[in-house]
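One structure is given here, and the rest of the page talks about it.
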Number of protein chains: 2
Amino acid sequence: MSIRKPRPTQSERATLADIAARVGVSSITVSRAINTPQLVSEELRTQIASVIADIGYIPNRAARALARARSDSVAVLIPSLSNTVFTDVLAGARDVLHAHGYRTLIGDTRYSPAEEENLFRAYLEHSPDGVLLTGFDQTPLIRQLLEKSRMPVVHMMELAGPDSYCVGLNQFDAGHAMASHLLSRGYRRIGFLGAQLDPRVMQRLYGYRSALQEAGLPFAAGEILDATPSSIGLGVDMLGRLLRQAPDCDALFCCNDDLALGVLFESRRRDIRVPEQLAVAGFNDLAASAWVSPSLTTIATPRYNIGHAAATMLLQRMRGETPAASNIDLGFSLRVREST
Amino acid sequence: MSIRKPRPTQSERATLADIAARVGVSSITVSRAINTPQLVSEELRTQIASVIADIGYIPNRAARALARARSDSVAVLIPSLSNTVFTDVLAGARDVLHAHGYRTLIGDTRYSPAEEENLFRAYLEHSPDGVLLTGFDQTPLIRQLLEKSRMPVVHMMELAGPDSYCVGLNQFDAGHAMASHLLSRGYRRIGFLGAQLDPRVMQRLYGYRSALQEAGLPFAAGEILDATPSSIGLGVDMLGRLLRQAPDCDALFCCNDDLALGVLFESRRRDIRVPEQLAVAGFNDLAASAWVSPSLTTIATPRYNIGHAAATMLLQRMRGETPAASNIDLGFSLRVREST
DNA sequence: CTGTTAGCGCTTTCAA
DNA sequence: TTGAAAGCGCTAACAG
């Protein structure tokens, strides 16, 4: 009769069986008291509840996930955790998911599809019940894995064809709208500053170009495109570059408010009057934009609502329901302020 | 002879046993080939590797966590995900933890100890191998649970006695240093704007008061304290309130850069010259602060490094090692700019 | 309403 | 270097 060493256990933590033993029932009854209390008699329920409170029982999610073959978790991949745009989206998604008992596995892809692939594969090991992704530029492997696992997925921020589920806004239209606004204000030599150059920035750029073209204006007059991450400092720098390239520029559409704020600050340093000498427009309507002086004309995007609606749609899909619409366009709104 | 329905499984996903069957070995050998390849013969290893790649095997973390009684995950609780201060800390922690194979369970407590308690209890179910917490104002229940489970924990942002593990900076000293700077510049009617009023803000406030007292100045001349969350808009508003309360104020120490930026913007609107009529100082050195005009005097905090060092210390504790120091003071630095 | 049994997918222990 | 057996903590299925 050989004595085996006991295997490692979750360091003294009480289990369902411990509770069960104390109450004098079987563990499945305790499990029911927790998960489907209506199936357990009032008397046992209260007894069990008191022992649970007494012992300080903490269920083991890993065991539950293994037994039920679902994890009650959702992976959410966003390009950056240090950009309010995406933390707002995340807040909306988390509020919905947490309220429905899901945990979120948050991944920061750093705007890199390769990193997104790494994170996605890593999170797959946790068997998330669904995924929220940003945009549509996933690697082929991700697409293949998604298809193979038939895991519900909802894309955020951009729109696409009816064969994929997404919640976002038309970035092309938004870029077009801002360029049209500048044109309607009488500006004719409108430059563009683009950083990061992720798909959404590119769509805004194309919208801008198309508006200029429709107005019969040279379509790449003063474009500065730089793939490095957006920042206020980069905006400062890019204004210099643009003025060297197109000194006669009278308006500037920045692909986001970070760049635009940098342009505003640098304009003040260079004594360029905004909007008299140079109009400045941004994108996203960050907190600073309404308060900076001159206040910044920009496009407000419904970020929290995008996260909220995307998570809601994902919930439906995880429940096996078919959402009323596969594409939800939450739009954008032009905020005209002092800078134009 | 009754035939039972098969229980739900992870929807067709291959298991170790599937790989093992294909190769003609037992599943433990496949497990070894993955986790401790040096224990498996070269030949089997390559065979197994090719089948794994072929099938696209994805390990099941829940099963592994259950069997090993550890989750390879770390819970990280921060007050806010929409505040760069904490996403910077988070970035530092994640870089370390991910590099060592840990997943991070991110929780946003919204500056509420009660919400922190909820999140902590929820994440306990995942049996994290360690925890990173912000500050020291945890609820008694959290403290009790931590003690009971003897789970390694490292506190971030603040410092404490040698009986707890932490990485941060002395917030009192930092507040004191900024007030001293303003005094050294000759300002005498120095006001304070505080929002959120979390423990770190209060410590800065006490540091400020103590510096004023040491200088023999009335110590609550113009303090505006408001428990609502910090924002640029709140800074705008608070400047108005302060000027009503203390119109002769000549310098303003804002508990963070958000408020300070609001003050700068609003000063410009009100044609208050900074720093001639009113000096303005902030805290944290956000990206905008160096570029805004006038540029903002502030205290730079080593946020990324705090997260990095805290995670490193936690790793040591999770490995059962004793870190060289239980308290790591990463300091701060005064950035004197145009606004003072 | 409660219990028995079996099994989720993996890794530990022990044995060869 | 490989394998058999057992078990981690929980819940689905079936039976009473």
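In what follows, every chain begins at residue 1, and chains take the letters A, B, ... in the order their sequences are listed. Just so it is clear, the values below take in all heavy atoms, side chains as well, and ignore hydrogens, waters and symmetry mates.
- Residue A:Gln47 contributes atom CD, which lies 16 Å from atom P of C:dC1 at whole-angstrom precision.
- The nucleotide whose nearest atom lies closest to any side-chain atom of A:Thr9 is, among D:dT11, D:dG9, C:dT11, D:dG9.
- Taking atom CG of B:Asn60 as the reference point, atom P of C:dT11 lies 10 Å away to the nearest angstrom.
- A:Asp95 and A:Tyr304 form a side-chain donor-acceptor contact under 3.5 Å, judged by distance and modelled atom types alone.
- Listed nucleotides: C:dT11, C:dT2, D:dC10. Nearest to the side chain of A:Thr15: D:dC10.
- The B:Ala67 side chain lies nearest to C:dC10 when the options are C:dC8, C:dC10, D:dT11.
- In terms of position along DNA chain C, the nucleotide closest to A:Val25 lies nearer the 5' end than the nucleotide closest to the other residue of the pair A:Val25 and B:Arg32.
- In this structure, B:His126 atom NE2 and D:dC8 atom P are separated by 22 Å, rounded to whole Å.
- Straight-line distance from the CG atom of B:Leu66 to the P atom of D:dG7: 14 Å, rounded to whole Å.
- The phosphate of D:dT11 (OP1 or OP2) has no side-chain N or O of A:Arg68 nearer than 4.0 angstrom.
- The CD1-P distance, from B:Ile19 to C:dT11, rounds to 12 Å in whole Å.
- Side chains of B:Arg64 and B:Asn35: a donor on one and an acceptor on the other come within 3.5 Å.
- For D:dG9, neither phosphate oxygen OP1 nor OP2 lies less than 4.0 angstrom from any side-chain nitrogen or oxygen of A:Ser27.
- Two residues are said to be in side-chain contact when any heavy atoms from C-beta on lie closer than 4.5 Å; A:Arg103 and A:Arg61 meet this criterion.
- We find that CD1 of A:Ile34 is positioned 13 Å from P of D:dA12, with the value rounded to whole Å.
- For the OP1/OP2 pair of C:dT11 and a distance below 4.0 Å, the side-chain nitrogens and oxygens of B:Asn35 include at least one atom meeting the criterion.
- Two residues, B:Ile28 and B:Arg13, neighbour DNA chain C, and the one matched to the more 5' nucleotide by heavy-atom proximity is B:Arg13.
- For A:Ser26, the listed nucleotide lying nearest its side chain is C:dT4; candidates were D:dA4, C:dT4, C:dC10.
- Of the N and O atoms on the side chains of B:Arg13 and A:Ser127, at least one donor lies less than 3.5 Å from an acceptor on the other residue.
- Heavy-atom distances to DNA chain D give each of B:Thr29 and B:Ala63 a nearest nucleotide, and the one nearer the 5′ end belongs to B:Thr29.
- Rounded to whole angstrom, the span from the CG atom of B:Leu39 across to the P atom of C:dT12 amounts to 11 Å.
- Atom CD of B:Glu12 is separated from atom C1' of C:dC8 by 15 Å (rounded to the nearest Å).
- Relative ring orientation between B:His155 and B:Phe136 is described as parallel, the plane-to-plane angle staying below 30° on a 0-90° scale split at 30° and 60°.
- The side chain of A:Tyr57 places no N or O atom within less than 4.0 Å of a non-bridging phosphate oxygen (OP1 or OP2) of D:dG9.
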